[in-house]
Chemist: 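Quick one: this structure, given as structure tokens, is what I'll be asking you about.
Numbers restart at 1 for each chain; the letters A, B, ... are given by sequence-line order, proteins then strands.
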Amino acid sequence: MLDAAAIREDSERVRLALAKRGVHVDLSEFLAMDEEFRRSRTESEQLRAERKKLSGEVAKAAREGGDVEALREQAKAVGTRLAELEARLGEVEEARQRFLDALPNLPDDDVVAGGKENNAVVRESGSKPEFEFTAKDHVDLASGLGLIDYKRGAKLGGSGLWVYSGNGAMLEWSLLNFFVEEHRKDGYEFVLPPHILTYEAGYTAGQFPKFADEVFVIEQGEDGRPAKFLLPTSETALVNLHRDETLPEAELPRKYFAYSPCYRREIGSYRASDRGTLRGHQFNKVEMFQFTRPEDSAAAHEELIGKAEALVAALGLHYRVSKLAAGDTSPAMARTYDIEVWLPSLDSYIEVSSVSNSRDYQARRGNIRYRPADGKSAFVHTLNASGLATSRLLPAILEQHQQADGSVVVPEPLRKWVGAEILKAPGA
RNA sequence: GGAGGCUUCGCCUAGUCUGGUCUAUGGCGCCGCACUGCUAAUGCGGUUUGGGUAACCAACCCCAUCCCGGGUUCAAAUCCCGGAGCCUCCGCCA
């Protein structure tokens, strides 16, 4: 959520920042609502004060034998006016809140305007592998090596679902183990969250109300809202860990990481380029998360980018880092860098990690504060980063590390869990 | 799925039967001061949170806040209705 005071004070700056996302809003509409809201609130507070005073006098009169009836009538009249005013206040407040809830975060000043096409590669690591044989794609490799059973996955759960089996399950599990080990080394606290979350959790993360149709709702509320849903990423759980809390400054930054499957509806988004496990209704991801002081969030963001990169690099993959343009940055985020690995069969780079700084946008929605040593409580900054999503990493590993005979070399850090240096076709 | 109990300041707790002087008692913790070689102990004072007004800062003032939502009433921590969470027991179950 944006700071209403900031919109009031410099609506032009806000308008221009949102325009970079391609979001064009008439803020004068908001300013009018905001003004009426503030005025009505002040008025109704004054009326409350008056009623309170009269009620006190009723009590006093009852005790000392004054004219109770006249005072009661007077107080009742104030109460009636108050009720009318508050009904109106409630409507304005709701409309104002709806408007605020729908506004995405302001992209940082150095984030360029426009969509995907304006994303900029900031650096590359390694180089595209060259094959002296006809390279296979990840689906053929995974099927041929008996790692992933796409057919039976669809049989069990429908399209967009698959089964990891045998060495495939071990490879998948080894990736998760590797990430867990690395994050623990860096002092991040391991969290295994519930996969079922409430509406409030989705609201804080920025999922609701706007993107409610992207998640699997498992319990519909009477108000038509999703009362319970399956998390689309463990970020949604992690950001809520400290919802409605005020953290002591000395406890910041708080660094967490979580593992969970991610459940997504992905309605109408399948393309030929999403074959195999590249886009599914359920995929595994380890997520990093930080709660920081505002002045520390820029450095924390760099730290998270570095950590995500280190994981990809350790797996021996060629990748690049892109800075997203405003329009491609998630609504709740002020800046995002994507780590993208090279996928030979697609002749393109695919996202395996998204590293973002939400600044105080989520903190405001979730009322997540900290108390500086000297003064008033303030909102923390929240940052999240995939570290990493396996369902795109595994295809890249298969394709980039494939050999002429159809086997795949297991990246060194994973070997102790996989129990093999090379994956060969069954019977080969 | 059924029955009962509970939910008040950072923590514990009084207050709810009998509505008003209740943001609310006491203790712990924490902060400050005093005393004391130091510490401890003791004494005194302070300590819910959010918002508004105002503005150099602060104070003062106003509103809200006793799990949440609604109702009754001039007035609700307190009475009524609905919901959530926690605990105990029964049932079912990996």
Side-chain angles (χ1 to χ4, degrees), chain A residues 1-9 31 33-94 96-97 100-101 192-204 208-209 217-229 237 240-252 254 291 360 362-380:
Chain A
M1 188 168 70
L2 298 182
D3 181 9
I7 301 177
R8 239 176 357 249
E9 277 152 29
L31 293 174
M33 274 190 290
D34 186 55
E35 210 208 302
E36 192 186 344
F37 163 69
R38 286 153 52 83
R39 197 184 51 237
S40 299
R41 185 179 53 191
T42 305
E43 272 176 48
S44 76
E45 283 185 359
Q46 284 164 352
L47 275 182
R48 273 171 190 277
E50 197 179 330
R51 187 184 64 179
K52 205 181 219 178
K53 199 171 130 239
L54 285 169
S55 291
E57 284 172 23
V58 170
K60 196 170 167 223
R63 213 169 39 237
E64 297 171 359
D67 187 352
V68 175
E69 265 318 302
L71 281 168
R72 279 177 55 162
E73 283 308 315
Q74 224 180 319
K76 191 168 191 166
V78 173
T80 307
R81 268 201 291 152
L82 180 62
E84 285 165 13
L85 188 60
E86 284 190 333
R88 203 149 44 84
L89 174 64
E91 281 170 32
V92 182
E93 183 172 11
E94 204 193 313
R96 173 183 178 272
Q97 192 59 46
L100 279 176
D101 285 345
L192 289 171
H195 301 177
I196 296 169
L197 301 175
T198 62
Y199 181 87
E200 287 71 32
Y203 173 79
T204 295
F208 302 143
V217 174
I218 54 178
E219 193 182 312
Q220 195 73 234
E222 281 172 28
D223 48 11
R225 292 168 163 181
K228 303 276 177 75
F229 67 102
N240 279 281
L241 240 29
H242 296 298
R243 170 155 53 96
D244 290 320
E245 290 183 24
T246 300
L247 301 166
E249 184 176 28
E251 284 181 22
L252 296 178
R254 296 285 283 245
F291 297 86
D360 65 0
Q362 290 177 323
R364 223 173 256 289
R365 288 170 89 97
N367 191 28
I368 311 165
R369 298 165 179 271
Y370 78 106
R371 189 171 305 284
D374 52 341
K376 266 182 80 74
S377 69
F379 294 111
V380 299

Chemist: Please state how far atom CG in A:Asp67 lies from atom C1' in B:C74, giving the value in whole angstrom units.
Modeler: 13 Å
Chemist: Would you tabulate the nitrogen or oxygen pairs shorter than 3.5 Å linking the protein to nucleotides 92-94 of chain B?
Modeler:
none

Chemist: List, with names and distances, any nitrogen or oxygen atoms from the protein found under 3.5 Å away from nitrogen or oxygen atoms belonging to nucleotides 79-85 of chain B.
Modeler:
none

Chemist: Are any non-hydrogen side-chain atoms of A:Asp34 and A:Ile7 less than 4.5 angstrom apart?
Modeler: no
Chemist: Name the nucleic acid region contacted by A:Arg39, choosing base, sugar-phosphate or nothing; use a 4.0 angstrom heavy-atom cut-off, strictly under.
Modeler: nothing
Chemist: Suppose we define a pair by two distances each less than 3.5 Å, Watson-Crick or G-U wobble; what does B:U7 pair with here?
Modeler: B:A84
Chemist: Residues two or more places apart in sequence or in another chain: which of them pass side chain to side chain donor-acceptor pair (under 3.5 Å) with A:Arg51?
Modeler: none
Chemist: Among residues at least two apart in sequence or on other chains, which ones pass side chain to side chain donor-acceptor pair (under 3.5 Å) with A:Gln97?
Modeler: A:Asp101
Chemist: Counting primed atoms plus P, OP1 and OP2 as sugar-phosphate and everything else as base, spell out the protein contacts along nucleotides 56-65 of chain B at 4.0 Å heavy-atom distance: B, S or - for each nucleotide, 5' to 3'.
Modeler: ------SSS-
Chemist: Closest-nucleotide mapping onto RNA chain B: is A:Thr246 or A:Arg38 further toward the 5' terminus? I mean the 5' end.
Modeler: A:Thr246
Chemist: Checking base pairs now: Watson-Crick or wobble, both atom distances under 3.5 Å. What partners B:G29?
Modeler: B:U47
Chemist: Can you name the salt bridge (charged side-chain N to carboxylate O under 4.0 Å, His left out) partners of A:Asp3, sequence neighbours left out?
Modeler: A:Arg364
Chemist: Applying the Watson-Crick and G-U wobble criteria at under 3.5 Å, what pairs with B:U42? Answer none if nothing qualifies.
Modeler: B:A34
Chemist: What residues, two or more places apart in sequence or in another chain, satisfy side chain to side chain donor-acceptor pair (under 3.5 Å) together with A:Arg369?
Modeler: A:Asn367, A:Ser377
Chemist: What pairs with A:Phe229 under ring pair (Phe, Tyr, Trp, His ring centres under 6.0 Å), at least two apart in sequence or on another chain?
Modeler: A:Phe208
Chemist: Expected output is a numbered-order residue list: members of residues 68-80 of chain A with a heavy atom under 4.0 Å from any atom of RNA chain B. What is it?
Modeler: A:Arg72, A:Ala75, A:Lys76
Chemist: Kindly write out the residues that satisfy salt bridge (charged side-chain N to carboxylate O under 4.0 Å, His left out) with A:Arg254, not counting sequence neighbours, or none if the list is empty.
Modeler: A:Glu251
Chemist: Anything under 3.5 Å between a donor and an acceptor, one on a side chain of residues 69-89 of chain A, the other on a protein residue two or more places apart or in another chain? List them.
Modeler:
residue, atom, partner, partner atom, Å
A:Thr80, OG1, A:Lys76, O, 2.9
A:Glu86, OE2, A:Arg48, NE, 3.0
A:Glu86, OE2, A:Arg48, NH2, 2.4

Chemist: Name the pairing partner of B:U18, where a pair is Watson-Crick or G-U wobble with both distances under 3.5 Å, or state none.
Modeler: none
Chemist: Looking at residues 193-203 of chain A, who's got a heavy atom less than 4.0 Å off RNA chain B?
Modeler: none
